[in-house]
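Letters A, B, ... are given to chains in the order of the sequence lines, protein chains preceding strands, and every chain is numbered from 1.
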Amino acid sequence: MSWAAHDLEPYAFQRHLVLKIAFVPLLLGSYAPDLMTKWFVYGITVFGVKLKADDPVQFHRGWPGFGFTHSLLFGVVMCLLFWKVFGSKIWGVSFLIGQWAHSLTDTGDTVGTMLLFPWTFHFHVGAWAYAGQTGRMTDAAAYFSGLGSMWDLVWILYGFYAWRVLTTEYFDKYIFPADRSWAWANRMLPRMGLVTLYRAAFFYGTCRWIAWTIWAHVIHHYPYDLSWGGPGWVPAAHP
Amino acid sequence: MNTLLVYLGAAVVYIVVGVLWVDFMLSVIVAAGYLIVAAWLVPSALRRLR
């Protein structure tokens with residue numbers, strides 16, 4: 001799994017797909033595969049009751065489980081839903097791009113994704129360890145010690161290289177007119193508030209990459225291991 | 001330039017709080033709310049006070 005790439009990739013796509021996509025569904029698509037599952041992978045305590053998947057890897061990426069949310073087919077189904085049921089082609093296509101980007105990015109870890117679901121084969125590059133089954137903190141420490149963290153850094157640097165997509169001028173010229181939902185939101189929030197919201201995911205992805213890196217290596221001294229499939233000190237899950 | 005400084009300041013605070021209390025940086029919704037306050041509402045209020 002990736003920790004910051006899903007926040008940052010939409011800005012890179014936005015730079016290259018000017019006018020053809022709507023940013024909000026693009027971001028929603030980028031978050032969608034993990035939206036309803038991550039909390040149950042790591043586990044939460046509600047009124048003293050611990051809720052956690054018995055097999056987090058199977059639940060998150062497998063079948064039976066919610067692994068289909070990381071498939072190309074899920075993106076197509078959601079695209080058709082937005083397009084044919086809710087009547088917005090641009091929302092459908094934008095969601096599709098974001099969701100496909102997430103599904104492809106997550107093939108980078110050792111578990112990978114069932115890209116061609118209902119075929120349940122897990123496509124995986126295995127560049128960094130999937131460690132969601134170890135809990136949130138160990139997963140964070142492992143992710144920010146391995147190549148996954150470097151992959152996120154690529155997207156941060158690319159975001160700064162494409163800094164113009166974050167400007168007010170760019171928002172006014174391309175983002176706002178491409179999607180009517182901004183005009184709807186503009187009834188409640190002034191333009192500068194909308195620009196701030198538009199920048200939020202980039203701010204979030206970049207800041208938490210820095211914060212988790214400091215947490216893992218300055219506060220807790222977890223060792224970096226940029227070897228393929230690493231870090232070696234965490235038990236990596238496999239499909 | 002002023003905008004950039006405001007965002008940099010907001011980022012520094014977010015990172016420091018996040019490192020000390022990691023729950024703060026688990027949600028993009030919280031981050032968006034924080035950014036609205038730190039990079040838009042507070043600077044706007046300060047501009048009006050001047």
Side-chain angles (χ1 to χ4, degrees), chain A residues 3-4 6-8 10 24 27-28 30-32 34-35 38-39 41-42 44-45 135-141 144 156 160 163 166-169 171 185 188-220, chain B:
Chain A
W3 280 65
H6 306 317
D7 307 309
L8 302 162
V24 173
L27 196 62
L28 273 178
S30 188
Y31 288 142
D34 289 340
L35 214 55
K38 267 287 186 70
W39 64 274
V41 169
Y42 293 131
I44 57 165
T45 303
R136 191 187 298 278
M137 295 308 174
T138 306
D139 186 29
F144 287 96
I156 291 172
F160 282 111
W163 62 272
L166 297 167
T167 60
T168 307
E169 293 73 26
F171 178 83
M188 294 166 277
L189 210 58
R191 188 66 65 96
M192 278 318 293
L194 298 182
V195 175
T196 309
L197 273 183
Y198 164 65
R199 293 168 176 153
F202 186 82
F203 176 88
Y204 178 58
T206 304
C207 287
R208 78 170 178 154
W209 186 90
I210 297 168
W212 277 115
T213 300
I214 294 170
W215 177 87
H217 300 291
V218 179
I219 307 291
H220 292 285
Chain B
M1 192 60 183
N2 277 347
T3 305
L4 184 61
L5 289 175
V6 165
Y7 274 83
L8 277 176
V12 169
V13 173
Y14 185 88
I15 290 165
V16 170
V17 175
V19 169
L20 297 175
W21 180 44
V22 292
D23 286 359
F24 183 61
M25 55 179 176
L26 295 181
S27 165
V28 68
I29 306 293
V30 172
Y34 165 80
L35 196 62
I36 286 282
V37 172
W40 176 52
L41 291 178
V42 170
S44 300
L46 290 176
R47 267 195 297 272
R48 282 186 190 181
L49 285 174
R50 276 186 208 156

Please classify the contact of [X] with chain A as side chain, backbone, both or neither, using a heavy-atom distance under 4.5 Å.
| X | result |
| --- | --- |
| L20(B) | neither |
| S27(B) | backbone |
| Y7(B) | both |

Hey, what's the ring geometry for [X] with [Y], parallel, tilted or perpendicular (30° and 60° as the breaks)?
| X | Y | value |
| --- | --- | --- |
| F144(A) | W212(A) | parallel |
| Y14(B) | Y34(B) | tilted |
| W21(B) | F24(B) | parallel |

Review point. Among V16(B), L26(B), V12(B), which has the most heavy-atom pairs under 4.5 Å with chain A?
Key: L26(B)
Check your understanding: So with a 6.0 Å cut-off around CG of D23(B), is the heavy-atom count from everything else above 12?
Key -> yes
Point to revise | Heavy-atom proximity to chain B below 4.5 Å, by part of R136(A) | key: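 Side chain only.
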Review point. Is chain B contacted by the side chain of L189(A), its backbone, both, or neither, given a heavy-atom distance below 4.5 Å?
Key: side chain
Review point. Side chain of T196(A), backbone of I36(B): donor and acceptor closer than 3.5 Å?
Key: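 Judged by distance alone, no pair lies under 3.5 Å.
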